[in-house]
Amino acid sequence: MELAIEAKDLRKRYPPDVQALDGVSLSVEAGTIFSVLGPNGAGKSTMTRVLCSLTTPDSGEAKVCGIDVVKHPDRVRRVIGVVGQKHGSDQNATGRENLVLHGEFHGITGAELRRRVDDVLERVGLQDAAGRLVRTYSGGMARRLDIAMGLLNSPQVLFLDEPTTGLDPEARVQMWHDIEQLAVQHQMTIWLTTHYMDEADSLASQLAIVDRGRVVAQGSPDQLKRELSGDTVLVELAETDDGRAAGAIASVTTINDASVEGRTLRARCADGGAAIPAVLAALDAQQVKVASVTVSRPSLNDVYLRHAGRAFEQAESESEAVAA
Ligand SMILES: Nc1ncnc2c1ncn2[C@@H]1O[C@H](COP(=O)(O)OP(=O)(O)OP(=O)(O)O)[C@@H](O)[C@H]1O
Ligand SMILES: [Mg+2]
């Protein structure tokens, strides 16, 4: 197994007291899509920037294609493509002009540059729009141009920081398809950060779930879900819980790992179908009204809840509250 990325115990603190990376270790096999899934502020962009040699860690080690990112940043930059979280293109230039400029920046010129620009335009499906100003592009097209720029130096590893955030559902699915093609047809290693569970679930062969600067779980999506045996019971309450639902669920002996957030009660149990009558009876005894009940196999959200100790949506809203 050839490793494209290896990180050992990376730490980084932003003054005065934000521990953005709190001992991150992970490894990524060459030629695979590796997804880093985590809520706002988890440290995804910081990890990405360290691995791309755009910022240095306080301690720890990282190698990309076997090259130490701290000791040889210039060599690392030659084998990687980077697509940052924000748009990198000039809105008042055409798609092709942006690519030419970016190529020249990398020292590519003449016929070789023209060939590569045509090649990447085709790979992201922008041949027909290449002569249009970027400000006339849709969000999905602008993001595909960002990816084309990242591909221009024929990288072995492509870093994508939240490539689909802000795209409409249709453009997101198109982008998933494009990313998959890159990995399969060009045997590229793709590092992809996201805060969409479904994205990580459908694209990644391996993923790391991160929270507060730590990797809380790593494995294939299926492996991580399989580790949680049993079912998830999800009860949508008619009203926000005043404590009675939490009390009621605690009394049901077949349930473990129950949590109530607002109107959502989530519980884990060995057999969801068998547990439902007892759950409903316990809620009814406390006069808690129920809007709906579903039983499902474990999802990545359950994996996150188990390892991070809180639900993904809750982590997102907590970090928004901190940022506000
Ligand atoms: N340049 C900086 N100076 C100070 N603090 C920073 C800086 N960059 C990031 N942080 C903080 O470090 C933590 C991790 O940030 P990071 O951008 O890596 O998270 P993220 O997972 O990419 O989040 P998002 O999903 O919002 O992009 C956050 O608390 C953030 O506020
Ligand atoms: Mg980020």
Side-chain angles (χ1 to χ4, degrees), residues 5 7-26 28 33-62 64 69-70 73 76 80-89 139 142-143 146-147 149-150 157-167 172 175-176 179 190-201 203-204 206-218 224 300-301 303-305 307-324:
I5 302 173
K8 275 197 208 110
D9 204 23
L10 291 176
R11 289 171 198 275
K12 184 163 183 80
R13 192 182 188 85
Y14 288 113
D17 62 351
V18 178
Q19 193 69 42
L21 301 182
D22 195 9
V24 168
S25 298
L26 49 82
V28 178
I33 301 180
F34 185 89
S35 181
V36 177
L37 172 70
N40 291 132
K44 302 181 296 296
S45 293
T46 306
M47 280 162 80
T48 307
R49 292 175 58 77
V50 166
L51 293 172
C52 293
S53 78
L54 297 172
T55 189
T56 50
D58 299 336
S59 64
E61 264 179 48
V64 173
V69 299
V70 177
V76 166
I80 64 172
V82 186
V83 178
Q85 192 167 346
K86 302 209 173 75
H87 286 305
S89 54
R143 215 53 186 133
D146 288 337
I147 293 185
M149 302 213 298
V157 184
L158 182 64
F159 287 89
L160 303 173
D161 195 2
E162 298 202 24
T164 68
T165 297
L167 299 187
R172 280 182 63 211
M175 183 67 89
W176 292 1
I179 292 170
I190 297 182
W191 165 280
L192 175 139
T193 75
T194 182
H195 51 184
Y196 297 118
M197 302 255 172
D198 53 349
E199 184 160 303
D201 210 353
L203 278 180
Q206 293 280 313
L207 72 99
I209 300 184
V210 294
D211 188 40
R212 297 171 171 145
R214 290 176 305 121
V215 175
V216 296
Q218 188 181 342
L224 290 171
L300 281 182
N301 202 15
V303 174
Y304 184 83
L305 177 66
H307 294 283
R310 56 195 172 140
F312 198 85
E313 312 93 53
Q314 192 197 352
E316 293 262 71
S317 56
E318 277 173 16
S319 72
E320 272 157 29
V322 170

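Counting convention: from 1, in listed order, for ligands and their atoms alike.
- The closest approach between P39 and ligand 1 falls below 4.0 Å for a heavy atom of the residue.
- The protein heavy-atom contact nearest to atom 26 (O) of ligand 1 is N40 ND2, 3.1 Å.
- Protein heavy atom closest to atom 6 (C) of ligand 1, with residue, atom name and distance, is Y14 CD1, 3.2 Å.
- When the options K44, R49, M47 are ranked by their closest heavy atom to atom 20 (P) of ligand 1, first place goes to K44.
- At least one heavy atom of G43 sits closer than 4.0 Å to an atom of ligand 1.
- Protein heavy atom closest to atom 18 (O) of ligand 1, with residue, atom name and distance, is T46 OG1, 2.5 Å.
- Considering backbone and side-chain atoms together, G41 places an N or O closer than 3.5 Å to an N or O of ligand 1.
- By the 3.5 Å distance cut-off applied to N or O atoms, A42 is counted among the residues near ligand 1.
- There is a protein heavy atom closer than 4.0 angstrom to atom 2 (C) of ligand 1.
- A distance of 11.0 Å separates CG of L26 from CG of L207, quoted to the nearest 0.5 Å.
- Counting only heavy atoms from C-beta outward, the side chains of S35 and E199 never approach each other to under 4.5 Å.
- Between F34 and W191, the ring-plane angle classifies as parallel under the 30° and 60° cut-offs.
- Shown here, atom 31 (O) of ligand 1 is out of close reach of the protein: none of its heavy atoms lies under 4.0 Å off.
- Those atoms of ligand 1 that come under 4.0 Å of a heavy atom in Q85, given as number and element, are 27 (O).
- Per-residue contacts place S45 under 4.0 angstrom from the following atoms of ligand 1 (heavy atoms of the residue considered): 17 (O), 18 (O), 20 (P), 22 (O), 27 (O).
- A 4.5 Å side-chain heavy-atom check between N40 and H195 finds at least one atom pair inside the cut-off.
- Put simply, the angle at the Mg ion (ligand 2) from OE1 in Q85 to OG in S45 is close to 80°, to the nearest 10°.
- D22 places no side-chain N or O within donor-acceptor distance of the main-chain N or O of R214, the cut-off being under 3.5 Å.
- R310 places a side-chain heavy atom less than 4.5 Å from the side chain of Y304.
- Contact analysis puts E162 in contact with ligand 1, with a non-hydrogen atom separation below 4.0 angstrom.
- Residue-ligand proximity, V18 to ligand 1, at heavy-atom distances under 4.0 Å covers atoms 11 (C), 12 (O), 13 (C), 29 (O).
- With hydrogens and angles ignored, the 3.5 Å screen pairs no side-chain donor or acceptor of K44 with any backbone N or O of V36.
- Using a 4.5 Å heavy-atom threshold, the side chains of Q19 and R212 count as separate.
- By the 6.0 Å contact criterion, CD on E61 is open, its count of non-hydrogen atoms from other residues, nucleotides or ligands being 12 or less.
- You'll find the side chain of Q314 stays beyond 4.5 Å of the side chain of L305, heavy atoms only.
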